[in-house]
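Have a look at this one.
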Amino acid sequence: MAEHVLGLETSCDETSAALIETRDGRPSLRSLVILSQDVHRIFGGVVPELASREHVRTLDLVVHRTLDEAGLGWSDVSAVAVTAGPGLIGALLVGVMYAKGLAMSLGRPLIGVHHHEGHLFAPGLSEPELSPPFVALLVSGGHTMLLDVPAWGDYRLLGQTLDDAAGEAFDKVGTMLGLPYPAGAAVEKLARDGRADRYTFPRPMLKDIADPAGKPYAFSFSGLKTAVLRAVQASDDPVRDRADLARGFQDAAIEVLVEKTAHATLSLGRPQTMIVGGVACNRALAERLTERLTGKARVIVAPPRLNTDNAAMIAAAGAWRLARGERSGLDLEPFDWQPLPGLQAATSTSHPLPVTS
Ligand code: KG4
Ligand code: ZN
């Protein structure tokens with residue numbers, strides 16, 4: 001029988017609701033509404049208090065619209081899945097309180113979902129047959145991590161960023177180039193017109209792949225960001241040089257992400273790799289990784305709408321946990337930080353032998 005899981009996502013500056021239908025454990029998307037808050041643009045970053053207020057103002061409207069688009073009513077909702085964290089605590093609170101009220105009044109189960117686990121379930125919405133094992137590169141505005149996923153719920157941390165997240169680096173470089181926040185997509189667009197040979201920026205921690213004493217899967221973007229800033233300051237016409245600077249930065253960031261992800265996939269012998277999170281919208285990143293792994297592993301990337309924060313991925317992750325019999329109580333509390341449930345350090349694979357292919 002078909003079940004309909006309502007997902008809610010309010011962890012940052014997107015107010016989103018979605019309905020997914022599950023049949024025999026396979027999710028399919030019925031409707032998805034994402035309202036991106038634009039109030040933050042003038043501040044050059046997300047203002048937490050304003051984010052919470054916008055969620056309060058719009059969440060109910062977004063949920064009603066989601067039901068209308070799916071052609072479903074309240075009685076069709078079998079369960080409510082909501083992002084419990086990590087994220088902005090005030091923003092999360094709005095979604096969690098709404099979800100609790102709804103679950104209680106409908107008499108339906110409630111499930112709190114970890115935002116990162118939600119990102120991992122996004123590609124499965126466009127490819128319902130998708131299942132582990134795979135390597136996952138999670139790259140968003142807040143996080144950059146490389147995971148080995150032998151089975152759903154079994155997440156092995158290969159490495160993560162030691163400072164800035166990849167998306168954060170794109171956003172900050174965008175600010176240096178005079179682009180409005182969030183700047184990732186605009187930096188990618190500029191880079192398409194830029195020359196690859198004008199700026200060569202450092203590839204942070206790339207050499208660690210071949211260094212037995214290094215951190216092969218750790219990332220660092222703050223030095224790269226500083227190198228771009230110096231180049232912007234040294235330019236006699238940064239507006240003229242914008243596209244070349246964007247290209248130089250993007251090539252450096254992507255090379256590190258691609259090489260470390262490819263190395264993990266090949267070392268672990270995984271047949272497939274997924275890129276998830278907002279930075280997965282970057283076509284150059286997906287193309288380079290696909291080229292790099294051609295004939296060796298399949299690269300899976302969801303459509304852009306499912307890569308940036310959205311409630312469909314939360315509903316999908318929630319549906320999986322509900323199917324395992326998990327439920328959250330009405331005492332569910334939002335959290336600003338907690339590790340992914342089931343996350344463990346991949347100790348046996350953190351220093352695999354260098355792969356030469
Ligand atoms: O997953 P997401 O929507 O939110 C977080 O959980 O952080 O990711 C947003 C991030 C932003 O930093 C944004 O600039 C970046 O994803 N982003 C991109 C692109 N599209 C979005 N970065 C690079 N290239 C893109 N095309
Ligand atoms: Zn996210």
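Note that ligands are numbered from 1 as they come in the structure, with each ligand's atoms numbered from 1 the same way. Side chains are part of it too, since the values below use all heavy atoms of this structure and drop only hydrogens, waters and symmetry mates.
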Problem set entry | Any side-chain donor near an acceptor of the partner, Thr15 and His55, under 3.5 Å | yes
Check: Would you call Arg30-Glu69 a salt bridge at under 4.0 Å N-O?
Finding: no
*Between the side chains of Asp163 and Ser220, is a donor N or O closer than 3.5 angstrom to an acceptor N or O?*
yes
Check: of Ile34, Val173, Asn282, Val46, min heavy-atom distance to atom 23 (C) of ligand 1 comes from Asn282
The atoms of ligand 1 lying under 4.0 Å from a heavy atom of Gly167, numbered in the order shown, are 12 (O)
His119 NE2 to Asp309 OD1 via the Zn ion (ligand 2), rounded to 10°, gives 100°
Quick look: His143 vs ligand 1, heavy-atom contacts under 4.0 Å, and the answer is neither
Atom 22 (N) of ligand 1 has as its nearest protein heavy atom Gly184 CA, 3.4 Å
*Is Asp236 salt-bridged to Arg240, cutoff N-O under 4.0 Å?*
yes
Short version for His119: what comes under 4.0 Å of ligand 1, heavy atoms counted, is side chain
Counting from 1 in the order shown, the ligand 1 atoms closer than 4.0 Å to a non-hydrogen atom of Thr308 are 3 (O)
Atom 7 (O) of ligand 1: closest protein heavy atom, distance to 0.1 Å, is Gly141 N, 2.8 Å
Task: Phe170 N/O to ligand 1 N/O under 3.5 Å - done: no
Point to revise | Carboxylate-amine/guanidinium contact Arg321 Glu117, below 4.0 Å | key: yes
Worksheet item: Mind checking whether Phe249 and Tyr199 have ring centres under 6.0 Å apart?
Response: no
His115 heavy atoms within 4.0 Å reach ligand 1 at atoms 6 (O)
Subject >> Pairwise side-chain contact, Arg247 with Arg198, heavy-atom cut-off 4.5 Å (strictly under) >> reply: no
Filtering Asp309, Leu179, Leu285 for the heavy atom nearest atom 2 (P) of ligand 1 leaves Asp309
Would you say Thr273 and Thr265 are linked by a side-chain donor-acceptor pair, where the criterion is simply a distance under 3.5 Å?
yes
Here the atoms of ligand 1 under 4.0 Å from any heavy atom belonging to Gly142 are 7 (O)
The closest protein heavy-atom partner of atom 26 (N) of ligand 1 is Glu188 OE1, 2.8 Å
Can you find a heavy atom in the side chain of Val82 that is under 4.5 Å from one in the side chain of Leu332?
-> yes
Heavy-atom proximity to atom 8 (O) of ligand 1, picking from Cys12, Gly278, Pro182, Gly118, points to Gly278
Looking at Arg288 and Asp251, is there a salt bridge between them, counting it only when a charged N and a carboxylate O are closer than 4.0 Å? yes
Among non-hydrogen protein atoms, atom 11 (C) of ligand 1 lies closest to Asp171 OD2, 3.6 Å
Under 4.0 Å from one or more heavy atoms of Ser140, ligand 1 contributes atoms 1 (O), 5 (C), 6 (O), 7 (O), 8 (O)
| message | Any heavy-atom pair between the side chains of His116 and Met145 that's under 4.5 Å? | response | yes
Q.
Report whether any nitrogen, oxygen or sulfur of His143 sits less than 2.8 Å from the Zn ion (ligand 2) (N, O or S, backbone or side chain).
A. no
